[in-house]
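Residue numbers begin at 1 in each chain, while the letters A, B, ... track the order of the sequences.
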There are 2 protein chains.
Amino acid sequence: MEKQNVTIYDVARESGVSMATVSRVLNGNSNVRQATKEKVLKVIDDLDYRPNAVARGLASKKTTTVGVIIPDVTDGYFSSLARGIDDIATMYKYNIILANSDDNPDKEASVLNTLLSKQVDGIIFMGNEINDDLRADFKRSDCPIVLAGSVDINNSVPSVNIDYADAVKNETERLIKNGNSRIAFASGSMKQDVNKEYRLKGYVSALENNGIKFDEKLVFETKGTYEDGYDLAERIINDKITAAVATNDELAAGILNGMTDRGVSVPQDFELFTSNNTKLAKMMRPQLSSITQPLYDIGAVAMRLLTKIMNKEEIDNRYVVLGYEIVERDSTK
Amino acid sequence: MEKQNVTIYDVARESGVSMATVSRVLNGNSNVRQATKEKVLKVIDDLDYRPNAVARGLASKKTTTVGVIIPDVTDGYFSSLARGIDDIATMYKYNIILANSDDNPDKEASVLNTLLSKQVDGIIFMGNEINDDLRADFKRSDCPIVLAGSVDINNSVPSVNIDYADAVKNETERLIKNGNSRIAFASGSMKQDVNKEYRLKGYVSALENNGIKFDEKLVFETKGTYEDGYDLAERIINDKITAAVATNDELAAGILNGMTDRGVSVPQDFELFTSNNTKLAKMMRPQLSSITQPLYDIGAVAMRLLTKIMNKEEIDNRYVVLGYEIVERDSTK
DNA sequence: AAACATATTGAAAGCGCTATGAAAACAAAC
DNA sequence: GTTTGTTTTCATAGCGCTTTCAATATGTTT
């Protein structure tokens with residue numbers, strides 16, 4: 001009836017040693033005679049003893065748990081990162097407390113607080129808008145934090161990303177080479193620095209490098225959903241736009257279907273690049289050309305970086321930029 | 001430099017009361033004079049005190065944390081459930097430790113153990129194969145457990161699902177009404193009871209009700225990936241099959257694209273139903289007809305059920321079956 | 001065999017909080 | 001003013017583990 005009855009004290013008594021010794025064998029401490037170790041191990045097995053991680057956490061001030069703040073697990077981009085995070089965490093014997101924030105600053109702050117009160121050893125943060133309040137909370141927290149697939153324009157926190165500006169610039173230039181001059185920049189929220197400060201600038205610089213005047217009207221800000229993209233297609237058609245760069249895959253999927261459903265042939269009459277290469281990109285017809293981000297790796301590297309920080313190891317580079325590639329599939333010529 | 005310095009003892013001293021009183025105001029206990037309460041609250045605020053949940057967990061034997069075992073966060077079906085789980089968990093002040101299992105029994109067992117050692121108050125389990133070992137582990141754990149979107153043929157654990165057999169039967173019958181007689185059952189692993197014991201039986205019973213002889217050759221077992229579906233299309237064409245029921249959306253997406261890419265018109269020459277109605281279903285062209293499962297709700301209800309069990313409330317129904325619907329989109333006539 | 005170094009073990013003090021029984025403070029009733 | 005009944009508060013004993021520091025056992029060197 002009772003929960004978790006057998007304690008370290010019980011196995012100490014049963015095996016005729018002190019708690020300290022049991023604790024040592026539990027933690028793989030070297031200074032235990034082989035014979036003693038085996039004796040204790042046997043009792044542990046006999047009693048089906050399972051150490052209480054909460055007590056351990058209190059005593060050692062380490063919980064082997066890290067917090068993961070994610071906008072929405074349902075989003076393919078972030079869930080891929082999360083998977084990389086969890087795999088590496090598991091590899092290093094950490095567990096993950098996962099909390100959805102909906103990119104909502106209040107929820108982020110609140111969740112951050114509860115994670116801290118739960119004494120997590122570190123935090124991986126994913127989110128699209130990092131403002132001064134959040135930065136201040138990070139600083140105050142005195143807890144190792146790493147951003148995964150999320151930019152902080154101030155670089156106030158270690159992070160793992162790709163070069164978003166360069167990637168979009170690259171895409172845009174390919175579109176230009178293919179003969180397009182009216183190229184839309186179909187974006188998620190411009191409140192997000194990744195869009196405003198990186199992707200948009202990459203887009204603009206590609207234009208400038210090729211002598212095309214930047215036209216503000218070709219920048220479309222949306223909330224980034226599939227439906228947004230679908231509706232946007234209409235405006236794209238009306239504006240006689242011949243190509244677009246989308247900042248996320250669901251948005252791109254919407255644009256693509258929106259164009260096709262309205263009778264536009266892709267890529268003959270309209271070319272489209274997207275940015276995340278989630279599974280979706282290959283499932284669309286025509287298949288979406290895209291930046292291929294190493295999503296799993298971004299998460300994995302972020303978690304690995306976090307372990308180093310938690311261990312107070314030497315870090316050579318706190319702002320990791322992973323490589324990306326571009327796959328041209330069937331939504332571009 | 002130091003971590004988490006200010007303790008309940010500090011605020012007790014500063015406000016001139018005992019720890020017990022501080023603890024009371026922290027936990028909203030009624031028996032505290034208003035004046036005392038305010039005094040303490042002020043000190044808490046001044047000192048920026050944040051209760052240590054680990055210590056609290058050790059003392060109270062409650063961690064306000066539940067474990068969530070999930071095959072893969074990256075899978076749209078399960079991540080939707082997870083979202084429902086997290087939202088309700090948050091509502092009830094619980095956090096979630098999320099662990100990926102890849103449907104691998106060893107990982108499941110291992111993860112279950114670490115969750116128990118972390119003293120989670122309860123567990124939500126998602127997984128496609130529940131075998132005797134796992135059932136035994138559940139039983140031994142003496143920890144409230146609820147299955148979400150996952151069937152246990154033995155009903156040894158409370159669960160929340162839809163009636164998978166009925167749903168597939170329903171789909172199959174519609175396909176029959178549309179004039180198909182060679183209907184494929186495109187399934188994920190048959191080791192999964194949801195496929196073998198529920199969906200397949202629904203399929204078979206629809207056939208029988210309509211005087212169509214069950215043909216084993218029309219049952220295609222795969223691992224359920226997009227690629228599996230894509231490849232399967234070839235066999236479907238060769239076998240002169242005119243319709244199919246797929247057990248998950250990615251598989252269906254693969255079949256659909258595989259058929260279309262090979263020149264088959266859907267739904268004119270081939271009809272297709274899928275089972276989960278993830279976002280994907282609407283993004284495909286033609287759009288996939290599907291069972292619409294209330295994924296978010298399944299997660300939410302499972303979590304709600306778990307809170308009741310954790311609180312030892314009276315439960316009227318431990319095996320919740322939510323309703324489903326069928327949307328006919330463009331992959332069926 | 002004495003003297004020292006080293007490898008093993010044990011005792012006990014926390015870690016920061018909750019919860020319990022007893023004491024103190026306050027109120028109402030006599 | 002005393003008694004009785006409530007409220008409010010305190011002191012303190014854990015929760016199950018880690019982690020010194022000191023004690024003991026073992027081994028090595030002369």
Nucleotide C:dG16, atom P - distance to CG of B:L47 in whole Å: 14 Å

Pair A:K62 + A:D121: basic N to acidic O under 4.0 Å: no

CA sep, side-chain torsions, deciding dist, call: B:D102, A:R83, salt bridge (Lys or Arg N to Asp or Glu O under 4.0 Å): CA-CA 11 Å; B:D102 288 318; A:R83 188 62 217 260; 2.9 Å; yes

Residue whose nearest DNA chain D nucleotide is more 5′ - B:Q34 or A:V54: B:Q34

Residue of the set A:K139, A:R135, A:R318 for which salt bridge (charged side-chain N to carboxylate O under 4.0 Å, His left out) holds with A:D152: A:R135

B/S/- contact track for nucleotides 10-15 of chain D, protein heavy atom under 4.0 Å: BB--BB

Length of the line joining B:K62:NZ and C:dT18:P, which is rounded to integer Å: 12 Å

Any side-chain heavy-atom pair of A:F138 and A:L147 under 4.5 Å: yes

Whole-Å distance separating the CG atom of B:N27 from the P atom of C:dC17: 11 Å

Protein-nucleotide distance (A:L26, atom CG; D:dT19, atom P), rounded to Å: 12 Å

Rounded distance in Å - OH (A:Y9) to C1' (C:dA12): 13 Å

Between P of C:dA11 and CZ of A:R13, the distance in whole Å: 14 Å

pair A:I85-A:I88: side-chain heavy atoms closer than 4.5 Å: no

Min side-chain heavy-atom separation B:L58-B:Q119 under 4.5 Å: no

Distance in angstrom units between A:K118 NZ and C:dC15 P, rounded: 23 Å

Pairing of A:R140 and A:D137 as salt bridge, 4.0 angstrom limit: yes

Among D:dT26, D:dT19, D:dT8, the one nearest A:R33 by side-chain distance: D:dT26

d(NZ, B:K37; C1', D:dT9) in whole Å: 16 Å

Main-chain N/O of A:S15 paired with A:K42 side-chain donor or acceptor, under 3.5 Å: no

Under 4.0 angstrom between B:R56 side-chain N/O and C:dT18 OP1 or OP2: yes

OP1 or OP2 of C:dC17 under 4.0 Å from side-chain N/O of B:Y49: yes

Residue pair B:R304, B:D297: steps toward the salt bridge (Lys or Arg N to Asp or Glu O under 4.0 Å) verdict: CA-CA 10 Å; B:R304 179 66 184 105; B:D297 294 346; over 6 Å; no

Terminal axis angle for the helix from C:dA1-D:dT30 to C:dC30-D:dG1, five pairs an end, nearest 10 degrees: 40°

